[in-house]
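Sequence positions, counted from 1, serve as the residue numbers for this chain.
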Amino acid sequence: MKKSNFKKKIFRFVKRLLIFFFVSTILVALIYRFVPPPITPLMVIRVGEQIADGKKVSLQKDWVSYDNLSNNLVRAAVASEDNNFVDHYGFDFEAIRKAQRLNEHSKKLRGASTISQQTAKNVFLWPDRTWFRKGLEVYFTALIEVCWGKKRIMEVYLNVIEMGDGIYGAEKASQIYFHKPAKDLTRSEAAMLAAILPSPLRWSPVNPPAFLVHKQRDIVWTMQRMGPVNIE
């Protein structure tokens with residue numbers, strides 16, 4: 001009898017925990033549909049790393065609306081990170097299959113995360129490669145696709161993404177690297193910002209090495225080939 005009561009208590013606890021998880025995450029996602037996320041888990045982690053390394057704490061970010069982001073920047077992000085962003089529903093299964101085929105014959109693993117997945121990870125989760133974290137990423141990706149839509153996802157993505165040591169978002173990166181607001185970025189400048197991803201702590205648009213310039217040119221070429229990006 002006692003064993004049966006214990007199982008019931010565990011079941012009730014798990015049930016309440018799941019209800020709390022779904023209700024709270026949906027509520028937060030709905031709030032972030034209209035309110036800029038004040039901070040992300042990665043920002044907290046980076047600040048902790050700075051303190052642990054004895055460095056000066058640096059967390060620089062400036063939120064701007066989608067309309068104040070250069071269309072060149074949007075196109076560069078799509079060209080570099082997620083060619084099918086406008087058409088998929090959070091997951092690019094063709095890109096996943098292609099990455100799996102390439103990874104079978106390469107020592108360097110290639111990812112296939114969409115901009116939606118990266119945004120979900122940046123806003124709600126922490127950097128990790130465990131199946132548990134990836135499972136949460138799938139959930140949050142589907143959640144923001146439903147609650148936010150593509151335009152808001154792109155807006156949040158370009159405002160919270162890490163673009164240097166203590167630098168977050170395209171607006172602050174544009175001010176620091178090019179001394180201008182993000183809405184005034186040229187095609188070449190936007191492509192260079194996209195080129196430093198996904199290693200913004202290792203590479204910088206300032207005096208970029210040859211391979212980074214080559215990557216920038218590839219992104220510019222892709223931008224020209226794909227034409228305008230219309231996000232609703």
Asks: At what distance, to the nearest 0.5 angstrom, does CE of M43 lie from OH of Y168?
Replies: 6.5 Å

Asks: Can you find a heavy atom in the side chain of I231 that is under 4.5 Å from one in the side chain of Y66?
Replies: yes

Asks: When you group the ILVMFWY residues by side-chain heavy-atom contacts below 4.5 Å and let the links chain together, are V35 and W148 in the same group?
Replies: yes

Asks: Please round to the nearest 0.5 Å and tell me the distance separating atom CG of N68 and atom CG of D184.
Replies: 9.5 Å

Asks: Just wondering, do L59 and Q50 contact through their side chains at under 4.5 Å, heavy atoms?
Replies: no

Asks: Kindly indicate whether the side chain of Q118, heavy atoms from C-beta on, has any atom under 4.5 Å from the side chain of E81.
Replies: yes

Asks: Taking all non-hydrogen atoms of both residues into account, name the closest pair between M223 and A79 and its distance.
Replies: CG-CB, 3.7 Å

Asks: Could you give the distance from CD1 (I153) to OG1 (T119), rounded to the nearest 0.5 Å?
Replies: 6.5 Å

Asks: Count the heavy atoms of every other residue, nucleotide or ligand shown that sit under 6.0 Å from NZ of K180, and state whether that count exceeds 12.
Replies: yes

Asks: Give a yes or no on whether a salt bridge exists between K61 and E171, defined as a side-chain N under 4.0 angstrom from a carboxylate O.
Replies: no

Asks: Between F211 and W203, what is the ring plane arrangement, given parallel below 30°, perpendicular above 60°, and tilted in between?
Replies: perpendicular

Asks: Counting only heavy atoms not in R152, do more than 12 fall under 6.0 Å of its CZ?
Replies: yes

Asks: Nearest 0.5 Å, please: how far is OG in S70 from CD in E189?
Replies: 9.0 Å

Asks: Any carboxylate oxygen within less than 4.0 angstrom of a Lys/Arg side-chain nitrogen, looking at E137 and R133?
Replies: yes

Asks: Do other residues, nucleotides or ligands put more than 12 heavy atoms under 6.0 Å from the CZ atom of R12?
Replies: yes

Asks: Below 30° counts as parallel, above 60° as perpendicular, anything between as tilted: where do the rings of F140 and F21 land?
Replies: perpendicular

Asks: Output yes when K150 and E145 qualify as a salt bridge under the 4.0 Å nitrogen-oxygen rule, no when they do not.
Replies: yes

Asks: Under 4.5 Å between any side-chain heavy atoms of L185 and Y177, yes or no?
Replies: no

Asks: Between S65 and E155, does any side-chain donor sit less than 3.5 Å from a side-chain acceptor?
Replies: no

Asks: Distance from L136 atom CG to W126 atom CH2, nearest 0.5 Å?
Replies: 5.0 Å

Asks: Do L42 and K121 have side chains that approach each other closer than 4.5 Å (heavy atoms only, starting at C-beta)?
Replies: no

Asks: Does the side chain of T25 pick up a donor-acceptor pair with the side chain of Y139 at under 3.5 Å?
Replies: yes

